[in-house]
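One structure below.
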Amino acid sequence: MSTTDEIRIVTTPDAFRAACDEARGRGQRVGLVPTMGALHEGHVALAREAARHASFVAVSIFVNPTQFGPNEDLARYPRDLAADVASLRGLAHLVFAPEPTAMYLPGDETRVRVGPLAAHLCGPFRPGHFEGVCTVVTKLFALVGPCAAVFGEKDFQQLAIVRRVAADLFLPVEVVAHTIVREPDGLAKSSRNAYLSPQDRVRALCLSRGLRTAVDAFRGGERRAGVLRRLARAEVDAGADRVDYVEITDPATIQPIPAEEAVARALLAIACHIGKTRLIDNVVLGEDGL
Ligand code: PAF
């Protein structure tokens, strides 16, 4: 793609739609990277991936209030638009940074919801979360129009849900997945890592250690879902203050696999709390991840 140092910033849905329409009018394909800001190397990798699929890269930066529960970190979620835009220089052409009132109009009452895909993993622990995600992503897709939209596999369940929404609603979007970007010691990159104290940062390695232990056992021939889950869980229990789940599911349906079943390809997903920070991570057993 032809990169530019000048990133145009728009804040209204109309201007966002017009800028994407204009790009297509010039014969460009639009790539979308939906984010909540606090951009890190993981997001930069998503923007690079978008540039592989499109010649015009748009990044949305919007801390979406409807995907946060009442006791979650909406108020303290890190926000620094200038730093975010700086990190996209040379990669993105357009940043969409709306206010909540621009995305949720007065009288707003429409929500997008999926069924069983949201029933396990984060769904029960974050009631309403995926409805908020689906709603805002659908709004973004409606504004952008035909595009390739890139999502990280760290939010594996979100990715599966977004694919479903795009297919079910006939949205003209190619959903592109990007692998998890990790720190050298294995911690998955996340905007929420910024909350971790130095001590908690060390304890947070229990997630990737749990995944690694199960991957090693899987590579060594262990196939029983229950055993693999227990191995991962022991590592997570050793480091976390609270564990939401350590679960093995079908990667396509996100339905748990019974303990006694042998797995050939399966999602191992973890969510736990380190201090006040909720972290998630995952690997697909049977693939070459991690
Ligand atoms: O993954 C995220 O950052 C958010 O859930 C998303 C997709 C930008 C929707 O707000």
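The analysis underlying the following values was restricted to heavy atoms, covering all of them including side chains, and did not include hydrogens, waters or symmetry mates. In each ligand, atom 1 is the first atom listed, and ligand 1 is the first ligand listed.
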Which atoms of ligand 1 have any heavy atom of Gln67 under 4.0 Å away? 4 (C), 5 (O), 9 (C), 10 (O)

Residue pair Gln67 / Arg126: nearest heavy atoms and the distance that separates them: O-NH2, 3.5 Å

Distance-minimising heavy-atom pair for Pro13 and Phe96: N-CE1, 3.9 Å

Among protein heavy atoms, which lies nearest atom 3 (O) of ligand 1, and at what distance? Met36 CG, 3.7 Å

Only heavy atoms of Thr35, strictly under 4.0 Å: list the atoms of ligand 1 that pass. 8 (C)

Sub-4.5 Å side-chain heavy-atom contact between Leu279 and Thr277: yes

Sub-4.0 Å atoms of ligand 1 with respect to non-hydrogen atoms of Pro34: 8 (C)

So the atoms of ligand 1 within less than 4.0 Å of a heavy atom of Gln158 turn out to be 1 (O), 2 (C), 4 (C), 5 (O), 7 (C)

Go through the steps to decide whether Arg24 and Asp21 satisfy the test salt bridge (Lys or Arg N to Asp or Glu O under 4.0 Å), and finish with yes or no. CA-CA 5 Å; Arg24 270 188 304 272; Asp21 284 348; 2.8 Å; yes

Which ligand 1 atoms, with their elements, are less than 4.0 angstrom from a heavy-atom of Val136? 9 (C), 10 (O)

Does some side-chain heavy atom of Asp73 sit less than 4.5 Å from a side-chain heavy atom of Arg278? no

